[in-house]
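Report on one structure; see the data block that follows.
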Amino acid sequence: MMRIRYHSSARNEVIKAATYFEGQTNGLGNRFLDEIDRVVLDIADLPILWPITKYGTRKRILVAPFPIRYITK
């Protein structure tokens, strides 16, 4: 399994999104965090499915059904 590191900005964005979702529906923030964990483990298990960008990071992945891009602007 590959090593996973979180950029501080990404970590802050995930926390902000989880807080937002929890404010919408009790328990939804935890469901969001569980989904983030699942996706990250998928990437760690099969990193070749997510090509490395020119910046040396893996491409971003949308975490369905959570529309993060709408809440973090």
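Values below: every heavy atom of this structure, side chains too, minus hydrogens, waters and symmetry copies. Everything numeric here is computed off the predicted structure, so don't read it as measured data.
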task: Quick one: do Tyr6 and Val14 satisfy side chain to side chain contact (heavy atoms under 4.5 Å, CB included)? Show the steps, please.
output: CA-CA 10 Å; Tyr6 291 91; Val14 167; 5.9 Å; no
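Listed by chain and number, the residues in a side chain to side chain donor-acceptor pair (under 3.5 Å) with Asn12 amount to none (sequence neighbours excluded). With sequence neighbours left out, Arg38 forms a side chain to side chain donor-acceptor pair (under 3.5 Å) with Glu35, Asp42.
Under the 4.5 Å side-chain heavy-atom criterion for Ile, Leu, Val, Met, Phe, Trp and Tyr, Val39 and Leu46 are members of the same hydrophobic cluster.
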Enumerate, atom names and distances included, each donor-acceptor pair closer than 3.5 Å involving a side-chain atom of residues 25-33, sequence neighbours excluded.
none

